[in-house]
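Bear in mind that the values here come from a model prediction, so they are computed numbers and not experimental data. So that the names make sense, note that chain A is the first sequence line, chain B the second, and so on, each numbered from 1. Side chains included, hydrogens not; waters and symmetry mates left out as well; all remaining heavy atoms used.
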Amino acid sequence: MLDLKIVRERTEEVKQGLRRRGIELDLSEFLALDEKRRVSQQDADELRRKRNTVSEQIGKLKKSGQPAEDLMTEMRSVGDSIAKLEAIIREAEESQRNLLLTIPNIPHGTVPEGKDETANVEIKRWSPQGTEPAKLSFEPKPHWDLAEYLDIIDFDRATKITGARFALYKGAGARLERALINFMLDLHTEEHGYLEVLPPFMVNRTSMTATGQLPKFEEELFKVENGTYFLIPTAEVPVTNIHQEEILGDEVLPVKYTAYTPCFRREAGSYGKDTRGLIRQHQFNKVELVKFARPEDSYRELETLLLDAENVLQRLQLPYRVITLCAGDMGFSAAKTYDIEVWLPAQNRYREISSCSNFEDFQARRGNIRYRPKGSKKTEFVHTLNGSGLAVGRTVVAILENYQQSDGTIMVPEALRPYMGGMERIVRRGGNP
RNA sequence: GGAGAGAUGGCCGAGCGGUUUAAGGCGGCGGUCUUGAAAACCGUUGAGCGCAAGCUCCGGGGGUUCGAAUCCCUCUCUCUCCGCCA
């Protein structure tokens with residue numbers, strides 16, 4: 001949520017910032033409403049002040065046995081006036097808030113111009129050999145063919161059990177998914193200094209609103225029937241809301257959490273996209289990184305958050321590149337976003353495996369997450385950041401495709417072998433159903 | 001699911017219609033004392049809106065009243081007991 005005061009006092013800057021996202025916003029009605037609200041607030045305060053002093057007077061008169069009927073009658077009408085003003089204020093506040101909640105964040109100054117993904121800017125390439133991915137000596141197979149041959153992921157049965165866009169992992173496939181989760185969590189907690197948390201996988205409407213999924217993107221969420229809860233689309237939601245309505249001490253910042261959770265997404269409007277394989281599922285696992293930082297530190301924290309996520313791919317020796325999203329391609333709440341894209345040889349292209357963003361005070365204002373700067377009496381909103389570290393299902397895809405051998409078996413990345421019970425190679429499963 | 005109790009500042013806790021501008025304690029900060037620290041003592045210490053005067057906030061919302069932390073309704077959450085349950 002944008003700061004009301006900034007929208008009021010620096011309207012042109014706000015409109016200019018939103019224009020970079022390709023959004024043209026008419027704020028005149030909003031500002032008129034704001035003016036009306038503020039005038040009413042002033043009037044109401046003035047009347048309340050009068051009522052407070054006179055009521056005290058009435059109390060004293062009654063105590064000393066003197067009549068106070070005239071004053072009481074007068075105050076009754078003052079009370080009515082206050083009630084009318086309060087109704088106006090409440091209505092204005094509500095419609096102001098409702099509008100503010102639908103306005104996306106302003107892009108940071110360093111975010112490149114552009115209206116869609118074609119304007120994103122590549123800033124880095126990495127591979128075990130240097131920068132470019134190694135060429136396989138044979139025609140690479142797509143991960144779904146490999147998974148089917150090895151019998152480690154069963155898409156058909158998942159469809160039977162539930163429906164499209166679900167997966168049933170089996171044998172080494174299930175083990176690989178679990179190994180990756182543990183590997184990532186261990187890396188982030190033991191080497192990058194994050195505190196592991198395991199949050200609820202369902203959240204309420206307030207939490208979804210704080211991080212920005214609501215009110216605008218309800219159609220992308222799974223809602224639990226007979227209740228008011230939503231399945232989380234990312235651990236960002238429950239983890240960022242850990243400190244909702246809190247005032248953090250300066251000395252605890254930056255706070256760094258990592259969490260494994262499954263994520264649930266409707267993927268409405270993506271019919272026909274990535275229909276085969278693990279790339280786009282209604283349920284997938286992810287290890288998330290979340291930070292709460294001082295405003296002056298947040299962009300430095302974004303860089304280290306990105307490095308922490310990149311490190312997972314480096315340890316797994318998977319080629320990737322990093323891009324800066326342009327203003328028009330960023331998510332609703334973000335002020336700046338880097339995407340990490342992993343190399344998929346069968347698709348002959350890079351695909352998103354992590355998204356690392358600084359939300360500045362956008363989410364903190366919605367969730368009322370504050371801190372007290374050292375030596376200050378006033379509180380300020382913290383900056384929140386998060387990034388995938390990494391999307392687990394897509395990491396499985398990358399391992400299958402990059403580590404595939406000509407015979408269809410998969411070498412297990414060395415860093416992962418301790419988590420796979422020493423397994424060095426995934427071979428075709430036999431004997432079991 | 002049934003019955004009951006409760007929600008007050010960072011924490012504990014008093015208040016149950018009018019000097020509450022929310023007592024008191026703990027914790028925090030500053031000071032006195034001390035070689036230093038502890039103890040003791042003194043002072044200070046919630047959030048938000050407003051240029052200011054001032055106004056709002058005692059779980060959320062609504063009501064009664066000249067006046068509500070205090071009375072009423074409602075919702076949410078917590079706790080205790082019973083039932084059910086991995």
Side-chain angles (χ1 to χ4, degrees), chain A residues 1-10 30-31 33-101 198-210 214-215 223-224 226-230 238 241-253 255 262 292 361 364-382:
Chain A
M1 188 162 61
L2 300 180
D3 187 351
L4 174 59
K5 203 182 289 181
I6 288 176
V7 175
R8 176 166 62 228
E9 290 167 9
R10 288 149 60 182
F30 178 80
L31 292 172
L33 190 68
D34 188 51
E35 183 63 25
K36 183 179 166 193
R37 195 202 92 242
R38 296 170 70 209
V39 169
S40 302
Q41 184 72 56
Q42 296 263 349
D43 295 349
D45 281 1
E46 196 56 43
L47 289 175
R48 268 194 284 248
R49 180 190 170 191
K50 185 174 180 184
R51 184 176 68 182
N52 286 348
T53 51
V54 175
S55 289
E56 199 181 321
Q57 223 176 311
I58 292 170
K60 281 178 184 153
L61 286 173
K62 286 202 148 189
K63 208 167 245 180
S64 63
Q66 292 176 270
E69 288 308 319
D70 289 355
L71 287 175
M72 282 167 68
T73 309
E74 189 189 344
M75 284 309 102
R76 199 167 295 145
S77 76
V78 169
D80 290 346
S81 304
I82 292 173
K84 280 188 193 119
L85 287 169
E86 279 175 340
I88 291 170
I89 293 164
R90 203 178 322 119
E91 231 168 88
E93 272 176 350
E94 198 185 323
S95 49
Q96 277 195 301
R97 180 174 164 79
N98 286 345
L99 177 67
L100 277 178
L101 284 174
L198 182 63
F201 302 159
M202 290 187 236
V203 300
N204 58 31
R205 194 168 275 276
T206 303
S207 292
M208 281 295 187
T209 304
L214 292 179
K223 186 176 180 179
V224 178
N226 309 319
T228 53
Y229 299 151
F230 296 87
N241 277 286
I242 288 174
H243 296 299
Q244 183 204 116
E245 296 290 338
E246 287 186 17
I247 300 171
L248 300 168
D250 182 80
E251 70 286 354
V252 305
L253 298 175
V255 176
F292 300 82
D361 63 6
R365 181 171 287 108
R366 289 169 160 245
N368 203 22
I369 309 169
R370 293 167 294 171
Y371 83 110
R372 201 181 305 280
K374 204 175 172 63
S376 169
K377 263 181 76 80
K378 300 293 284 180
T379 57
E380 277 183 41
F381 291 114
V382 298

Open item on the list: On RNA chain B, compare the nucleotides closest to A:R37 and A:M72; which residue's is nearer the 5' end?
Closed with: A:R37

Open item on the list: Quick check on B:G48: is either OP1 or OP2 less than 4.0 Å from any side-chain nitrogen or oxygen of A:T379?
Closed with: yes

TODO: Without swapping roles, check the side chain of A:N241 against the backbone of A:S207 for a donor-acceptor pair under 3.5 Å.
DONE: yes

Open item on the list: With rounding to the closest Å, how many angstrom separate the P atoms on B:U34 and B:U44?
Closed with: 24 Å

- [ ] For the pair A:R97 and A:E94, find out whether any cationic side-chain nitrogen is under 4.0 Å from an anionic carboxylate oxygen.
- [x] no

Open item on the list: Distance check needed: B:C29 C1' versus A:E251 CD, whole Å only.
Closed with: 13 Å

Task: Euclidean distance for P, B:A86 against B:C75 (whole angstrom) - done: 31 Å

Task: Polar side-chain atom of A:R366 near backbone of A:T209 as donor-acceptor pair, under 3.5 Å - done: yes

Open item on the list: In whole Å, measure the gap between the C1' atoms of B:U45 and B:C11 for me.
Closed with: 14 Å

Task: Short side-chain N/O contact to B:A47 OP1/OP2 from A:R372, under 4.0 Å - done: yes

Open item on the list: Need one value for A:R8: base, sugar-phosphate or nothing, where a base atom within 4.0 Å counts as base even if backbone is also close, heavy atoms only.
Closed with: sugar-phosphate

- [ ] May I have the distance from A:L71 (atom CG) to B:G67 (atom C1'), rounded to whole angstrom?
- [x] 12 Å

Task: Heavy-atom side-chain proximity of A:K223 to A:M208 below 4.5 angstrom - done: no

Open item on the list: List the residues meeting salt bridge (charged side-chain N to carboxylate O under 4.0 Å, His left out) with A:R48, not counting sequence neighbours, and say none if there are none.
Closed with: A:D45, A:E86

TODO: Enumerate, in order of first residue number, the stems that involve RNA chain B, defined as 3 or more consecutive Watson-Crick or G-U wobble pairs with both distances under 3.5 Å.
DONE: B:1-7 with B:76-82, B:10-12 with B:24-26, B:27-32 with B:40-45, B:46-49 with B:54-57, B:59-63 with B:71-75

TODO: In whole angstrom, give me the gap between the P atoms of B:C72 and B:C16.
DONE: 14 Å

TODO: Calculate the interatomic distance between A:I6 atom CD1 and B:C49 atom P; express it in whole Å.
DONE: 13 Å

- [ ] Flag the pair A:E46 / A:Q42 as yes when at least one side-chain heavy-atom distance between them is below 4.5 Å, and no otherwise.
- [x] no

Task: Separation between the P atoms of B:A22 and B:G59, rounded to whole Å - done: 15 Å

TODO: Report the C-alpha distance between A:E246 and A:I369 in whole Å, list the side-chain angles of each, state the deciding distance to 0.1 Å, and finish with yes or no for side-chain contact (heavy atoms from CB on, under 4.5 Å).
DONE: CA-CA 5 Å; A:E246 287 186 17; A:I369 309 169; 5.6 Å; no

Task: Separation of B:A52 P from A:R38 CZ (nearest whole Å) - done: 13 Å

Task: Validation row: A:F230, A:L214 side chains within 4.5 angstrom (heavy atoms) - done: yes

TODO: For the pair A:L100 and A:F30, evaluate side-chain contact (heavy atoms from CB on, under 4.5 Å) and give the outcome as yes or no after the intermediate values.
DONE: CA-CA 9 Å; A:L100 277 178; A:F30 178 80; 4.1 Å; yes

Task: Nucleotide B:G50, atom C1' - distance to CD1 of A:I89 in whole Å - done: 13 Å

Open item on the list: Under 4.0 Å, heavy atom to any atom of RNA chain B: which of residues 74-84 of chain A qualify?
Closed with: A:M75, A:R76

- [ ] Would you mind reporting whether A:M72 and A:K62 have side-chain heavy atoms less than 4.5 Å apart?
- [x] yes

Task: Any A:L4 side-chain heavy atom under 4.5 Å of A:R37 side chain - done: yes

Please tabulate the protein-to-nucleotide N/O contacts below 3.5 Å involving nucleotides 53-62 of chain B, giving atom names and distances.
| from | atom 1 | to | atom 2 | distance (Å) |
| --- | --- | --- | --- | --- |
| B:C55 | OP1 | A:N52 | ND2 | 3.4 |
| B:C55 | O2' | A:D45 | OD1 | 2.6 |
| B:C55 | O2' | A:R48 | NE | 3.4 |
| B:G62 | OP1 | A:R90 | NE | 3.3 |

- [ ] Would you mind reading off the distance between A:L61 atom CG and B:G67 atom P, rounded to a whole angstrom?
- [x] 16 Å

Open item on the list: Say we look at B:U64 and B:C73: how far apart would their C1' atoms be, to the nearest angstrom?
Closed with: 10 Å

TODO: Round to a whole Å and report the spacing from CD1 of A:I247 to C1' of B:C11.
DONE: 14 Å

Task: salt bridge (charged side-chain N to carboxylate O under 4.0 Å, His left out) involving A:E74 - partner list, sequence neighbours excluded - done: A:K50

Open item on the list: For a 4.5 angstrom cut-off between non-hydrogen side-chain atoms, does A:E245 reach A:N368?
Closed with: yes

- [ ] Measure the spacing between CG of A:D361 and CZ of A:R370 and express it to the nearest 0.5 Å.
- [x] 13.0 Å

Set out, line by line, the N/O atom pairs under 3.5 Å between protein and nucleotides 15-22 of chain B.
| from | atom 1 | to | atom 2 | distance (Å) |
| --- | --- | --- | --- | --- |
| B:G18 | N2 | A:S55 | O | 2.7 |

Open item on the list: Using atom P in both nucleotides, what's the gap between B:C71 and B:A5 to the nearest angstrom?
Closed with: 14 Å

Open item on the list: With rounding to the closest Å, how many angstrom separate the P atoms on B:G54 and B:G60?
Closed with: 26 Å

Task: CG/A:D70: more than 12 non-hydrogen atoms of other groups inside 6.0 Å - done: no

Open item on the list: What is the separation between atom CG on A:D250 and atom P on B:G10, rounded to the nearest whole Å?
Closed with: 17 Å

